[in-house]
*Asks:* 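Next up is a structure, given as structure tokens.
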Amino acid sequence: AKIYANLHSQYTHLSADTNKLIADMRTANSQASILRGTFQQLGWALYSTATPMASMFAHAAISAAEEIDAAYRNMRKTVQGSEEEFEALRDAALEFSMTHVTSADQILEIEAMGGQLGIATENLESFAETVSNLEIATNLDADTAAEQLGQLAGILNDMSEKDFAKFGDALVRLGNNNATLEDKIMNVMLRIGSMGTITGFTTTELLAWSTAIAATGQGAEAAGTAISNTM
């Protein structure tokens, strides 16, 4: 009877342990099912969001590369230079776009305009950066800024193509500190530039006169003609 009692006790404990193990296995299986379901849901979510996002970024990258290649080819059509110079301009445009809001293809397009305006190849990088900064800091768009800056470089005797950055800085400062806008100053500057150069005015003096005239609110054409006659 004693032996039977011991066996019965051991059986009871073993049965309890077995039932607990079965319960734990059921719980673990349920948790595994939940975890598996969670991962499945996460997978579908990633598939439906990450995949289109990756596709979108890939499409944007391809489009950007195509735009840069197109702008690079256009730049080569108007700029006279060697393969090394072309590659240097392209690399500089890419590097500039990494630290500024202007894209590489926009820089290359500005350089193409500079080539059409006769800007020397070695000065195109400075020209493009100045035009880009003027577009951001003033009310001039890139096309207008490039055209007018190129024209002034051919008119003003004491302004070389290496002075683009200094001229741009001066123009922005004048526009910020006077009752006129940069495009008004440039319009007057183009009107009086030729006569001013002939009569001995420096670029600095012409900028000052152009700002003062533009600040009066008179039209650039009438004011420019009056000042040219005075000169």
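Heavy-atom basis, side chains included; hydrogens, waters and symmetry copies ignored. The structure presented is a predicted model; accordingly, all values stated were derived computationally and were not measured.
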*Asks:* Indicate, with yes or no, if Leu149 and Met75 share a hydrophobic cluster defined by side-chain heavy-atom contacts under 4.5 Å among Ile, Leu, Val, Met, Phe, Trp and Tyr.
*Replies:* yes
*Asks:* In Å and rounded to the nearest 0.5 Å, what is the CD to OG distance from Gln106 to Ser132?
*Replies:* 7.5 Å
*Asks:* To the nearest 0.5 angstrom, please state how far the CD1 atom of Ile110 sits from the OG1 atom of Thr130.
*Replies:* 9.5 Å
*Asks:* How long is the gap from CD on Gln80 to CD on Glu85, to the nearest 0.5 Å?
*Replies:* 10.5 Å
*Asks:* Looking only at heavy atoms, which two atoms of Thr203 and Met159 are closest? And how far apart?
*Replies:* OG1-CB, 3.7 Å
*Asks:* Nearest 0.5 angstrom please: Leu206 CG to Thr197 OG1, how far?
*Replies:*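 Going from the CG atom of Leu206 to the OG1 atom of Thr197 covers 6.0 Å.
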*Asks:* Measure the NZ-CG distance between Lys184 and Asn178 for me, rounded to the nearest 0.5 Å.
*Replies:* 15.0 Å
*Asks:* Using side-chain hydrogen bond (donor to acceptor under 3.5 Å, both in side chains) as the criterion, point out the one residue from Glu109, Glu111, Glu87 that pairs with Tyr72.
*Replies:* Glu87
*Asks:* Decide whether Ile68 and Phe86 are clustered together by the hydrophobic rule: side chain heavy atoms of Ile, Leu, Val, Met, Phe, Trp, Tyr closer than 4.5 Å, transitively.
*Replies:*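 Yes.
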*Asks:* What pair of heavy atoms forms the shortest contact from Ser126 to Phe164, and how long is it?
*Replies:*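 The answer is OG-CB, 4.1 Å.
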*Asks:* Do Glu182 and Leu134 come within less than 4.5 Å of each other through their side chains, counting heavy atoms only?
*Replies:* no
*Asks:* State, to 0.1 Å, how close Ala223 and Ile213 come at their nearest heavy-atom pair, and which atoms those are.
*Replies:* CB-CG2, 3.3 Å
*Asks:* May I ask you to test the Met231-Ile192 pair for a side-chain heavy-atom distance under 4.5 Å?
*Replies:* yes
*Asks:* Of all heavy-atom pairs between Gly150 and Leu117, which one has the smallest distance, and what is that distance?
*Replies:*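 Closest heavy-atom pair between Gly150 and Leu117: CA-CD1, 4.0 Å.
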*Asks:* Do you know which two heavy atoms are closest between Ala146 and Val131, and how far apart they sit?
*Replies:*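 Minimum heavy-atom contact is CA-CG2, 3.8 Å.
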*Asks:* Could you list the residues that satisfy side-chain hydrogen bond (donor to acceptor under 3.5 Å, both in side chains) with Asn74, not counting sequence neighbours?
*Replies:*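 Checked Asn74 against side-chain hydrogen bond (donor to acceptor under 3.5 Å, both in side chains); zero matches.
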*Asks:* Do you know the tightest heavy-atom contact between Ser210 and Val188?
*Replies:* CA-CG1, 3.7 Å
*Asks:* Counting only heavy atoms not in Glu205, do more than 12 fall under 6.0 Å of its CD?
*Replies:*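 Yes - once you tally the heavy atoms of other residues, nucleotides and ligands closer than 6.0 Å, there are more than 12.
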*Asks:* Linking I/L/V/M/F/W/Y whenever any side-chain heavy atoms sit under 4.5 Å apart, do Leu152 and Ile185 land together?
*Replies:* yes
*Asks:* Set out, in order, the CA-CA distance, both residues' side-chain angles and the distance that settles side chain to side chain contact (heavy atoms under 4.5 Å, CB included) for Glu83 and Arg76, then state yes or no.
*Replies:* CA-CA 9 Å; Glu83 289 297 326; Arg76 289 175 63 102; 2.6 Å; yes
*Asks:* Quick one: do the Asn187 and Gln148 side chains pair a donor with an acceptor below 3.5 Å?
*Replies:*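 Gln148 and Asn187 do have a side-chain donor-acceptor pair below 3.5 Å.
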*Asks:* In a check of side-chain hydrogen bond (donor to acceptor under 3.5 Å, both in side chains) between Ser160 and each of Asp158, Asn157, Asp163, which one passes?
*Replies:* Asp163
*Asks:* Checking side-chain polar atoms at under 3.5 Å, does Glu147 have a donor or acceptor matched by the opposite partner on Thr144?
*Replies:* no
*Asks:* Could you tell me whether Arg90 and Asp105 have a side-chain N and a carboxylate O separated by less than 4.0 Å?
*Replies:*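 No salt bridge links Arg90 with Asp105.
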*Asks:* Roughly how far, to the nearest 0.5 Å, is CD1 of Ile107 from CD of Glu129?
*Replies:* 6.5 Å
*Asks:* Quick check on side-chain contact (heavy atoms from CB on, under 4.5 Å): which of Asp143, Asn139, Thr138 does Asp141 satisfy it with?
*Replies:* Asp143
*Asks:* Are the side chains of Ile227 and Met195 in contact, using a 4.5 Å heavy-atom criterion?
*Replies:* no
*Asks:* Determine whether Leu156 and Leu171 fall in the same hydrophobic cluster, where Ile, Leu, Val, Met, Phe, Trp and Tyr are linked whenever their side-chain heavy atoms lie under 4.5 Å apart.
*Replies:* yes
*Asks:* Taking the side chain as every heavy atom from C-beta outward, state whether Phe201 and Thr199 have any pair of such atoms under 4.5 Å apart.
*Replies:* yes
*Asks:* I would like to know whether Thr225 and Arg191 meet side chain to side chain contact (heavy atoms under 4.5 Å, CB included); could you show each step before the answer?
*Replies:* CA-CA 7 Å; Thr225 299; Arg191 288 285 179 182; 5.7 Å; no
*Asks:* Answer yes or no: does atom CD of Glu122 have more than 12 heavy-atom neighbours from other residues, nucleotides or ligands under 6.0 Å?
*Replies:*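 Counting other residues, nucleotides and ligands, CD of Glu122 exceeds 12 neighbours.
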*Asks:* In terms of hydrophobic clusters joined by side-chain contacts under 4.5 Å, are Ile119 and Phe96 together?
*Replies:*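 Shared cluster, no.
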